[in-house]
Amino acid sequence: MRRLWTLEEFPFHPERLNHCETLFTIGNGYLATRGTFEEGYTGELSTTMVHGIFNHAKGVLVPELVNSPNWLPIHLTIDGTPFRLINQNVTTLNPTGGAVLGYRRTLDLYTGVLTREVLFRAESGSIVRLVFERFACLHDDHLMAQHVQIVAVDGTPVIEVDSFIDHRVSNNEAQHWTDVAVGGAGPRTQVITRTNQSGYTLGMAAHLIAPGAINTVMENGVALSRTHFTLQLQESADLYKYTTIFTSRDLADPTQIGGALHQKLDEAVAEGFSHLQSRHEREWAHYWDTSDVQIEGDEASQFAVRFTMYHILISAPRHDDDVSIGAKTLSGLGYKGHVFWDTELFILPPLTLTQPKLARNLLMYRYHRLAGARHKAQANGYEGAMFPWESTDTGEETTPQWSDVQPDGSRIRIWTGDSEQHICTDVAYGVLQYWRWTGDDEFLIKYGAEIVLDTAVFWGSRVEEKNDRYEISQQIGPDEYHENIDNSVFTNRMVVWHLSEALKLMEWLKSHASTDAKRLTDALHLTPERLAKWQDIIQRMYIPFDLEKQIHIQFPGFFDMEFIPVPHYEPRTLSVQAILGHSRSIQTQVIKQADVVMLMALLGEELASMPVLLNNFNTYFPRTDHGSSLSPAIHAWVAARLGLADIAIDMFEHAGSIDLNDNKGNVRDGIHGAACGGTYQALVFGICGLKLDANGELTADPQLPSHWKSVSFNVNHRGQKKHFRFTNPA
Ligand code: BGC
């Protein structure tokens, strides 16, 4: 059913402008462009984000992914009336002079093609039907295509067209571009510009095809491709706009960018829109061949798993292993395009299981940033590699130290860059999970092992031997409401996991790749003494646990704080932290997101027996306010494993609809990438119980919600595509 592949907006909802821009983002793993409109509006958040183009602008605390020139603009005038859905003031519905008679926008998730149909009456009385289509070619990183069909439904309208690339863009107020060179001739225009601190050159060129003669006109420093023509009654015209893009990340010699842009435009014009579209759609069909999950009996969940997978796929780099996916994917300015643990523990697993080549690219991004991680370790007095909590192109720590100014004028100190050190085990987890599922020994031996081992070296130097055991002070676990605590059970236990995996990995390397084992031993100084210390840490690490209650303790002292019954604070759109205020909530037991429950998801029964896991869940679930979008999916996963079917489906539905529903009103900043990846994991690892056993074989233990008929999907397991279908008894 095609319907369950289609995101639709009908009629137009101006009050949801920014929310919908995020949802209707298109992309091809090289760039993504929000669903803003060709004619442009005040209040829109128009962005095109290109992987890897970071810049640290004056007046901004940290580097950020740069908003690139806008390639969408096509301005139409019908008999002198500008085509607009709304006035400049986005809240008014009546466009100057004209009238919008009908509107529908659809994003076909199966093909990645965004379509908008509008029936519009000009002041003259002429009525036109406009169909806008656009896609970012999946088969070609550097090419985007647009089509506008204009049908004269009533009257003989004169159509005027201005098409251009708008370089007058910023990230909010921050200006990142300098040395802008704008030019054009006939149907072509181009912009070449450079980021003002990092020095990346970016070029874009566009070619317009239209019925009338096209001239380039310079207006306000922008090169417009301008044309006009008249339509007879019932006649239709087609406009095509192709845009190409190259940056100095693609071409070592930036002076070649102009040539590359025009060569690609020549090819696109020669090939034509429908051929390009077929090639693009064929690539998408390949993606869905392995990445689709089918749910029978629950249309909302079916749509949600496709929508969330679509957003992962459009942001996953295909041909670049030096970039990674930020917390808000490429779909908005939120979190400044920075890469967090969201990538390795939330977004990566669906790619590991369904698109291993894309997963490998993301892990290589971390490999290429080991120098930055070593630098952070050294700067903090440690050994090995300490990945930054927030990462950009340099690999240096880029977490801001201070928040934006609060309503009362103050700024809050952000400690995550200092203290959320569990990122080091999260990256290692992503590497080993990828290796186990794919069997990609070459990756592990050449690259992955170094990540796992050098982050283990970091932990070996980071732990503190005191109180006759090992401890780790000053941490932030996944629950960021409690800052700079000692002995986060999540962190301490994951360090034990990490070090024991590192020791097993050394043994594996010695027997399967002895030269590399020696290379790494020498390079990372993996002396017998160091390995013996790892063993000692594994045995003597402090794991906070309440013997009487048989539960893990999130950190010592947690249960001494004020208890707040989180379920009483419903219904709410704010987090309980926001309701209570920052300074009060840090002194309560309110938890931001899955923390001990996250540990349970990652380690399962390796962590504890089923009764203890259940005790943990029953303890921590009612204390969690899901202030982070990362939380519901993990709860769904764990609840399903514990047989808590109602909670599992409730949390699963919550996770899958975070962006679609926008209950918290922050989707304007971008898609919650981790919630998207978490939704897949909740389904596949949680509800279907898919896992690898000790021998690396696949096992499943489905616990389908009672109203579902079936779930089917494919996964890649050690180079082979395996199909699963689980059904509920009829
Ligand atoms: C969450 C983190 C997450 C970050 C980026 C925060 O609100 O607490 O776990 O990494 O957002 O998504």
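Reckoned from all heavy atoms, side chains included, excluding hydrogens, waters and symmetry mates. Atoms within a ligand are numbered from 1 in the order they appear, just like the ligands themselves. The model shown is predicted, which means the values in this text are computed figures rather than measured ones.
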In the protein, which heavy atom is nearest to [atom], and how far is it?
| atom | value |
| --- | --- |
| atom 3 (C) of ligand 1 | D342 OD1, 3.5 Å |
| atom 2 (C) of ligand 1 | E480 OE2, 3.5 Å |
| atom 8 (O) of ligand 1 | Q593 OE1, 2.6 Å |
| atom 7 (O) of ligand 1 | K592 NZ, 2.8 Å |

For atom 11 (O) of ligand 1, which candidate among F340, W341, Y335 provides the closest heavy atom?
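Heavy atom nearest to atom 11 (O) of ligand 1 belongs to Y335.
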Sequence neighbours excluded, which residues qualify as side chain to side chain contact (heavy atoms under 4.5 Å, CB included) partners of Q587?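 Listed in chain order: nothing, the list is empty.
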Considering only heavy atoms, does H672 approach ligand 1 within less than 4.0 Å through its side chain, its backbone, both, or neither?
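Neither part.
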Y481, portion touching ligand 1 at heavy-atom distance under 4.0 Å:
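The answer is neither.
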Run the ring-centre check on [X] versus [Y] and record whether the distance is less than 6.0 Å.
| X | Y | result |
| --- | --- | --- |
| Y310 | F307 | no |
| H635 | H626 | yes |
| W637 | F652 | no |

Worksheet item: For ligand 1, which atoms have a heavy atom of W389 less than 4.0 angstrom away?
Response: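 Reading through ligand 1 atom by atom, the close ones are 10 (O).
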Atom indices of ligand 1 within 4.0 angstrom of A327 heavy atoms, with elements: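 What qualifies from ligand 1 is 5 (C), 12 (O).
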- prompt: Just by distance, do the side chain of H552 and the backbone of V597 share a donor-acceptor pair under 3.5 Å?
  reply: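 Such a contact is absent between H552 side chain and V597 backbone.
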_Pair R249 + D393: basic N to acidic O under 4.0 Å_ =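 Looking at R249 and D393, the cut-off is not met.
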Compare every heavy atom of C424 with every heavy atom of W459, then report the nearest pair and how far apart it is.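 W459 and C424 have their closest heavy atoms at NE1-CB, 3.7 Å.
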